[in-house]
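The chain is numbered in sequence order, starting from 1.
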Amino acid sequence: MLRTIAGRSLPSTLARVPVRFYTTPPPPPKAKPSRLKPQDAEESIEGESVDTSSTFTPQPFNAPGGGPFGGSSFRDAALTTIVGLGMVFFGGVGYVKWYKINALDLLSRAKGFQIEGAFAAGYDPALELAAFQTLPSGEMEHEDGEFDFEGYSNTPWAQHLRRREQEWIDTIVKGQEPGHYFMLLGPKGSGKGTMILDAMAAVQADGVAMLDAHPDLEVFRLKFGKAINYEYNQDSQAGLFQRRDPREGGPALDIERAMNKLEKVALKLTRQRGKPLILIINNVHFFKNDDEGRNMLLQLQQRAESWAASGIVTCVFMSDDFWPFYVMRKTASRMNASRFQRVLSIYDLNSKEALHAAMRMRMDMNKGTTPSVLEEAVSIVGGRLSYLNKVARSRDMVNTAKVLLATEKAWLRSQIGLISDCDDDVMDEQKWSSCSWLLLREFVMIRKEHERARDEARAAGEAVEDLPLPVIPYWKCRQIMTRADFLEELDRVNIISIDVHHDVRPDSNLILLASREVVEEEGFDDLLDSVRGRIDEIESLHRTRELTFKDLQAGDMIRLSVDKGGTRTV
């Protein structure tokens, strides 16, 4: 078959020339000066002239298997895959080596992105938030007209109050107590965090890192990494692809890896500083009191024990509830024995200290008050620093104290309110409420005895000290409540407080006064007895067995004999 060009047939010799197909159309001809002679510039093919003054060099298509390594497409694909994976592998190995060196490099401390930066003097997230205060300008009132911020100064409300425990806290935060780890145990708002932050501010957070616990261990994992400037995915090749390493088995393993890195940094910095690093974990009671939460607490305690033995890191645990101490004391060996007590119980201020603190707070706000008003307000709220702060900011201190008491009383009744004719569906809740009121009524009776003894001492002309909160030993509380499993729940909801000596007291003076108002109401004892009697009736119904007799006709009689004499047959 003949080939044609522009509708004309070509000779058979040209038709048999193999034709190549190109992947792209040929470029337009370029005008180039021809080196051929004019007579050779044109060739005629059957009378048609063809211009050969320009040439085109096509790029042939390289089909698979036609490369320099032979004609196997499988071999080319395998070679390409091997080269690509090798580049990724060796690049990942180099990245991991660089990260591990950079994460522990002391030269990068100034950047603040590595672990050393978390313990460098200067900026600390917890201290920065505590120091920052956004104060309202002018006068700002509550909807009830209680709070007045006019004249409020920049002075922290606890700056002029130095508690007895502050010296111990300063010694710990300065790193002068190596070889031990500590726990601060006390009710919410008693001043544990304030003392820690004051001690950190005194040393500009040099060698100190602080974080809060969280019920979700994944969130705690992120908090722990942020506190020590550690990114969990950066020390594995999987971090290049933002995928979790197969070795990661959850937050517990991630935190263990972070503590391994922290241990290496602590070994290096302790040799240079001559004192240990300080790691503070606040609110450890936020961990759930289940297997997962207790295992995390045990994991942190094991590290605290080993770090205390080597003197490289001093851990400080803070808790509002008693159960973390109860869990940790089982395996604690360096938390209890030392020059001074390693478990510090933080209590409320006594009356003298509370009056002094409230007076200094009012002075800082440029507000004056009479001693009688100050004493009356302090007698209601007690020595809880958080309550003193609210009362001191108020225009009418006594009225604000009474509002706080009414609020606490309403909250207390919402938690353990009594229902006289309760249904069996709420029997368990009423068991807890009735047993709780048995304990609170005992606290009220002890306070009345203290007041009677104080009045007799004053009548005799003797010096009378302040009335502390009533205290009942843990073992006796179990007897009063007739239950052993309710104390932990009362501690969790901040109705009672348990210290390291296993002494139980009301959580605050407001709780005691609110309980006293409820107990002294008319008919309270009858209500409590009726609830307990109703519980006994429901339990007796649950224990009752019903006998059913079948095939009985009208007029049939059943004779039932009960022998309580205990007659024994031989």
- prompt: Between the side chains of Thr171 and Glu167, does any donor sit under 3.5 Å from an acceptor?
  reply: no
- request: Could you tell me whether Lys409 and Glu521 make a salt bridge, using a distance below 4.0 angstrom between a side-chain N and a carboxylate O?
  value: yes
- request: Can you sort out the partners of Tyr474 under ring-ring contact (aromatic ring centres under 6.0 Å, His included), two or more places apart, ordered by chain and number?
  value: none
field: Pairwise salt bridge (charged side-chain N to carboxylate O under 4.0 Å, His left out) hits with a residue in residues 283-293, at least two apart
entry: Asp291-Arg294
- prompt: What are the two closest non-hydrogen atoms of Ile380 and Asn509, and how far apart are they?
  reply: O-ND2, 2.9 Å
- prompt: With sequence neighbours left out, which residue pairs that include part of residues 297-307 fulfil the salt bridge (charged side-chain N to carboxylate O under 4.0 Å, His left out) condition?
  reply: Glu256-Arg303, Glu263-Arg303
message: Under 3.5 Å, is there a donor on one side chain and an acceptor on the other for Gln301 and Tyr181?
response: yes
- prompt: Looking only at side chains, do Glu177 and Thr314 share a donor and an acceptor under 3.5 Å apart?
  reply: no
- prompt: Are side-chain heavy atoms of Asp320 and Pro187 found at a separation under 4.5 Å?
  reply: no
message: Any heavy-atom pair between the side chains of Arg163 and Thr194 that's under 4.5 Å?
response: no
statement: Separation between CE (Met210) and CG (Leu197), nearest 0.5 Å, reads 5.0 Å
field: Close side-chain approach of Leu418 and Phe524, heavy atoms under 4.5 Å
entry: yes
query: Is it true that Asp507 and Lys188 make a salt bridge, defined as a side-chain N closer than 4.0 Å to a carboxylate O?
result: no
message: For a quick test of reading the model, state the closest non-hydrogen atom pair linking His450 to Pro468 and the distance between them.
response: ND1-O, 4.4 Å
- prompt: Any side-chain heavy-atom pair from Arg362 and Met397 closer than 4.5 angstrom?
  reply: yes
message: Just so I know, are the side chains of Leu512 and Pro470 near enough to count as touching, which here means a heavy-atom distance under 4.5 Å?
response: yes
task: For Ser414, enumerate each residue passing the side chain to side chain contact (heavy atoms under 4.5 Å, CB included) test, keeping only those at least two apart in sequence or located in another chain.
output: Trp411
Residues that Phe287 engages under ring-ring contact (aromatic ring centres under 6.0 Å, His included), provided they are two or more places apart: Phe220
- prompt: Are Asp491 and Trp323 close enough that some pair of their side-chain heavy atoms sits under 4.5 Å apart?
  reply: no
- prompt: Are Met183 and Phe317 side-chain neighbours, meaning at least one heavy-atom pair lies under 4.5 Å?
  reply: yes
task: Only counting residues at least two apart or in another chain, list the ones meeting ring-ring contact (aromatic ring centres under 6.0 Å, His included) with His502.
output: Phe322
